[in-house]
Each structure stands twice: as C-alpha cells, then as structure tokens.
Amino acid sequence: MKFLRDFLDKQKPHFVKGGRFEKLHSTFDAFETFLFVPDKTTHSGAHIRDAIDMKRTMIIVVIALIFPLIFGIWNVGYQHYLSQGMAYDFWPMFGFGLLKVLPVIVVSYVVGLGIEFAFAQSRHHEVNEGFLVSGMLIPMVMPPDVPLWMVALATAFAVIIGKEVFGGTGMNILNPALTARAFLFFAYPSEMSGDKVWIAEKADAFSGATPLGHLMVNESDKIPSAWDMFLGVIPGSIGETSTLAIALGALVLIITGIGSFRIMLSVVLGGLSMGWLFNLWGANAYMDIPAYYHLIMGGFAFGAVYMATDPVSAAQTARGKIFYGFLIGMIAVLIRVFNPAYPEGMMLSILLMNVFAPLIDHYVVQSNIKKRLRRAKVKVAVKS
Amino acid sequence: MSAVKQEKEPLFSSKNVKLLTSPLNMSNPITVQVLGICSALAVTAKMKPAFVMAISVIAVTALANFIISLMRNGIPPRIRIIVQLVVIALLVIVVDQFLKAFVYDVSKQLSVFVGLIITNCILMGRLEAFAMSNKPWPSLLDGLGNGFGYGMILLLVGFVRELFGSGTVWGFHVIPQSFYELGYKNNGFMILPPMALILIGIIIWIQRARNPQLIED
C-alpha cells in the first residue's frame, strides 16, 4: 500500500492547477479517491459526520449484486446446456456463462465510464461513482444473447440522455440502468423480448419462453414449479432469475442500511395485493395464478431490490417511499396481466413511478406541514 | 408637415435580411422559442412528409403574415385573434386541398397534421408579435424566415430518424445490406415520437452550448 501512496503523491503535482496534466485532474482524482480514503472534509454547513461516502455506498450495492450475478452466470450456462440436452458439471456451465456475461459487463463499464470521465473532464467536476452500480446493473437486466454493440449503445444512451443531461449523478429523474433497458426494449424489440433471446445459443427445438412468456399466451400449465422459479433455474435476463440470490442481496442492503426496506417491502406488498385482487376477479387463467408467483417470476424481485431502491430516482420521504413502492408493485402486476404487448411490467412501472416520485414527495411534505400547522393552531386556540 | 421625404428603405436592407436569417439560428421557432413542437414530433419519422410539412408551414406563415400585415390597420383589436384564425384557416384549407390534389400519398401520411397547422403556435406567435405591428414586406420576410427555421429543424430530425429508424434517406436505402448481415438492426425507437423529442432536445443542447447567451436561468 505504501508504494501506491508514494506513487500517487509523486504524481499529484502534475495534476493540480498549473501542472502538466491539469486537464486530466478529475481522472487523477477519481483514481486516487478510488484507492484511498480522501482527506477532504466538508467545511461549511451542518452535516452529519459519517464514515460512509458515495464510493462505499456504491461498493456495498455492488457486493449485494454479486449473489445474483454469480447465480446468473451459472444459470446462463445451465440453460444453454439444458437446451442442448447435455448435462455438465458446475464449472463448464459457469465457464460458458462467464464467456457470455463477462463481455457484456466489460462493454457496459468501458462505455459508461468512458462517457462519465469525458463529461467530468469537460465540465471540470469529479468523476462520480454512480456508474459503478449502473454499470453492473445494466448487464444483469440484459438477455444473455444480447449483441454487444447494443449494450454499448444503450449504455451510452442511458448515461448521456438518462443522466448527464440532467446534471450527472444525483440529478437523474430516471434510473439509468432501466433507461438503458427501456431504450433497447423499444429500439430492438426482437432482441429484448419473445422466446428466442433468453437462452444463450439455444437449440432451436427447445422452448425458450420465460414463465411470463408462457402466461402471456395462456399456457399457465407450462410454467415451471414455484420452487424452480424461486431458485431461478429458469430462462430470463442474466441477473433477474433467482429470487433466492436476490433475497440474499436484499439482506445485505437492508442490514447495511443502503437499500430502503420500506420500498422493498411495499413493492412486494403492492404486487401481492394486486395479485390477490386479480385472484378475486379471476376472469382468465392469468388472473388465477397464485399472487406470490408474481414475486418470483421475471424481474419483479430484481426490480424491487435493486432498481426501485435507487436512492436518486426513488421517493425521498419515509411515507412517500411506501406509496412509491406500493404503486410500483401494483402497476407492474397490472401491466403484466393486462397488456399483451409487454410481458414484463416491472421496468415500465419503476420508470413511471420514478417520474412520479417528486410529486409523491411534494404531497407528503405538504401534508406534514398542514398537520403541524393544525397542531400549532389548536394550541393557540386553547391558550386564548 | 415636413417636406423632407422619408428615405425609402431598400427591399433587402440588413434589417430585413436579419428578419429572414435570425429565425434560422438565434431565434429559431423550435429550438429557441420552443413553438410548434407537436407537429415536429409527429411528422418527422420520414424525411418526405417532414419536407412537405415544412413547405406547407412556410407557405402558410409567409402568406398569413403578409395578409394580416396588410389588414393590420383595419382589424379591430378586440377581435383580432378570430380574424387571424380565419386567415390561417383559409390558407391551411387551400394548402390541404393542394396536397390532396398533387401529393395524395404524402397527404395521407400527414393526415390530421396539415389541418393542425391552424393550431401551430408559430403562426399565432408571429402574427401577434410581428405582423400586427409591421409593414407587409418585412412581415412576409419574417414569415418566410420562421417557416424556414421550422422546416430546417424538421428536416434535420427527419433525416436522423429515417436514417437510423428505417435505414433510408428520402425513401432510398442507404445503409448497405452487408451491415445488416453483420448484425446491424434498424432502431425501432427512432420511429417513435419520444425519440423525436430527445433529438430536438439534443439539438437545443448543442445550440445552447455553442451560444451561451441563449441559456436562460
């Protein structure tokens, strides 16, 4: 560690104002603070002093993402060999999955960080860490067979249009990773939906439809068992299939206090209550499936844990978070059951509620102000 | 009365030329005044309808500006809006009939949006802000300029959307077949109106980045 610190200290004069590489200041700064805890402290204003900063926050989310990622890599291989009718050990499957997933991750990070660095450089601000998480989330919501140039294009779109035009990390109104997915979903629907894309290099004879795909065409007898869907040995986007692995990640997020348990819980409750409502209605086979199936199919769990809890685009107030999450769950199930064009409603419902989050916060704050005013008035009335 | 005859302004004095050119850049009706957005989103999926739409709007703005300017001293101020609307509606109907007669297929594609030129904010904006208080000739130039400014953005957006959305320019395939064989695909999002909004946003972004005086607080 010492030699690294010495090396950085030696290079530092080149990057400060007046140095040789003054223009690359933010790049240097990014690497330095990535390696060492920065010695900068906040000088003005009232702040809660805490050891945690944005880099540590983001790293914890990345750690929480490792469970679904590892499982997803294995599952990509498992689904591939299953469709070919071959049985293999753990490692060949994992190896195949790694070959498929790693390039997507690399492309996402290279393109995204490249743009972030370019913007930081030209706008003279620090490189923000938000993309560490987005860059990991983007590959995990992609189908395993997605062409790499599409990943690059979607990442560029998400970072520039989803984030930088609003002012960079912390200013975006939409979740960047979901923006990337939505972009591909609308731009190249044949690569992002249907029953061809969810298994890497699938054998033609094998049905590759996801549980949601089966339900969409009223084949509710073909969906896998609840246990399989919970474990995640089903076709789907890379990181979303295993509810178990996602639950482990959720545990990490909740224990460390990084992810909001209010949002996660209310998304789940929203989805369940909409599912129950449909059970009561029971107009078709889709409405009759057990409500908890909605939690373990498709991207519901992944969205609830990693996407809806995005601290920037979610509602900020405690009570607002509950409304926000509940509506996400409800709308996701609503879109799934009612809209035949969109088998998965989680992405659209989270993006929709991202847009509404500030409105929800506004009304929560207003009602709080009103409540307190009323309390104050009552006291005055009693006194007089 | 003074006997000094007022010097006649030349037809293309620098002031008049400015009326024609400034809407192309610094006071562009779409990117700076942010008017006429709806039709810019609706008709720009392909270049051809965008071009026909641009021509129609140019014709209507120029003529409406000219006619209203001729009538400006006779219009009672309390009913000026309705008078302006009558003139615009008349011109739009003429344009619509003309398109139906000569370019029927494009007229079909544009469908309701030709009729909706009546509600295009650029028209009312220019009539109210310019034609009501200026002479016919500058008004005509102002109408032409604003029409060109509108048409320019329409064609630009239409070009990008058609190229990436359908792989064509003006209906001709320009992206070679070998690209598709390599795995290139047309971007379906380009065909959808939200992408037009994003493209116009990008144009506004670039323009304001180059002209900092346009940035408002």
Side-chain angles (χ1 to χ4, degrees), chain A residues 103-104 107 115 118-119 121-124 142-143 145-168 171-174 176 178-194 196-197 200-201 341-342 347-348 351-352 354-355, chain B residues 30-32 34 37 40-42 44-46 153 156-169 173-212 214-217:
Chain A
V104 183
V107 166
I115 296 172
F119 268 95
Q121 224 59 259
S122 73
R123 290 183 174 179
H124 306 291
M142 295 290 163
D145 247 351
V146 66
L148 293 179
W149 66 271
M150 286 187 190
V151 179
L153 197 63
T155 308
F157 181 85
V159 173
I160 297 174
I161 304 296
K163 207 158 94 178
E164 289 299 339
V165 291
F166 295 107
M171 306 291 204
N172 46 308
I173 53 171
L174 298 174
L178 279 182
T179 312
R181 193 179 195 285
F183 175 79
L184 285 189
F185 182 79
F186 288 108
Y188 308 105
S190 63
E191 303 289 329
M192 293 297 289
S193 50
K196 298 269 185 297
V197 298
E201 289 167 29
Y342 306 130
M347 169 184 85
L348 297 169
L351 286 175
L352 183 71
N354 279 170
V355 175
Chain B
I30 292 186
T31 61
V32 179
V34 198
I37 295 287
L41 305 189
T44 50
K46 292 250 160 57
I153 301 296
L156 192 61
V157 175
F159 173 75
V160 176
R161 285 182 74 190
E162 188 178 349
L163 180 63
F164 293 107
S166 322
T168 57
V169 171
H173 284 276
V174 287
I175 292 184
Q177 197 59 37
S178 52
F179 274 45
Y180 290 99
E181 278 153 20
L182 286 173
Y184 176 81
K185 280 208 160 63
N186 286 332
N187 188 328
F189 197 24
M190 280 284 174
I191 305 287
L192 303 173
M195 201 61 198
L197 187 67
I198 291 169
L199 285 175
I200 291 177
I202 291 173
I203 295 174
I204 293 177
W205 180 12
I206 294 171
Q207 193 186 18
R208 299 199 176 186
R210 294 169 64 117
N211 304 301
L214 286 177
I215 299 171
E216 66 247 18
D217 296 318

- Side-chain heavy atoms of B/Lys185 within contact of A/Ser190, under 4.5 Å: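 With C-beta onward as the side chain, the pair touches.
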Does a side-chain heavy-atom distance below 4.5 Å link A/Phe185 with B/Phe189?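 Sidechains of B/Phe189 and A/Phe185: no contact.
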What do you reckon, is OH of B/Tyr180 surrounded by more than 12 foreign heavy atoms closer than 6.0 Å?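 Enclosed: over 12 neighbouring heavy atoms sit under 6.0 Å from OH of B/Tyr180.
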Is it true that, when you exclude B/Phe164 itself, more than 12 heavy atoms of the residues, nucleotides or ligands shown sit nearer than 6.0 Å to its CZ?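 No, not enclosed.
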Item to complete: Any chance you could measure A/Ile161, atom CD1, to B/Met195, atom CE, to the nearest 0.5 Å?
Response: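 Separation between the atoms: 7.0 Å.
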task: Give, for atom CG of A/Leu184 and atom CG of B/Asn187, the distance between the pair rounded to the nearest 0.5 Å.
output: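 A/Leu184 CG to B/Asn187 CG: 8.5 Å, rounded to 0.5 Å.
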_For A/Phe119 and B/Trp205, take the angle between the two ring planes, folded into 0 to 90°, and tell me which bin it lands in: parallel under 30, tilted 30 to 60, perpendicular over 60._
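Parallel, since the angle between the ring planes stays under 30°.
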Under 30°, 30 to 60°, or over 60°: which ring-plane class applies to A/Trp149 and B/Tyr184, parallel, tilted or perpendicular?
->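 Rings of A/Trp149 and B/Tyr184: parallel, as their planes differ by under 30°.
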(message) Tell me the closest heavy-atom pair linking A/Tyr188 and B/Asn186, and the distance in Å.
(response)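 Closest approach of A/Tyr188 to B/Asn186: CE2-O, 3.3 Å.
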**Asked** Side chain, backbone, both or neither: which part of B/Ile191 has an atom under 4.5 Å from a heavy atom of chain A?
**Response**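 Contact with chain A: none, neither part.
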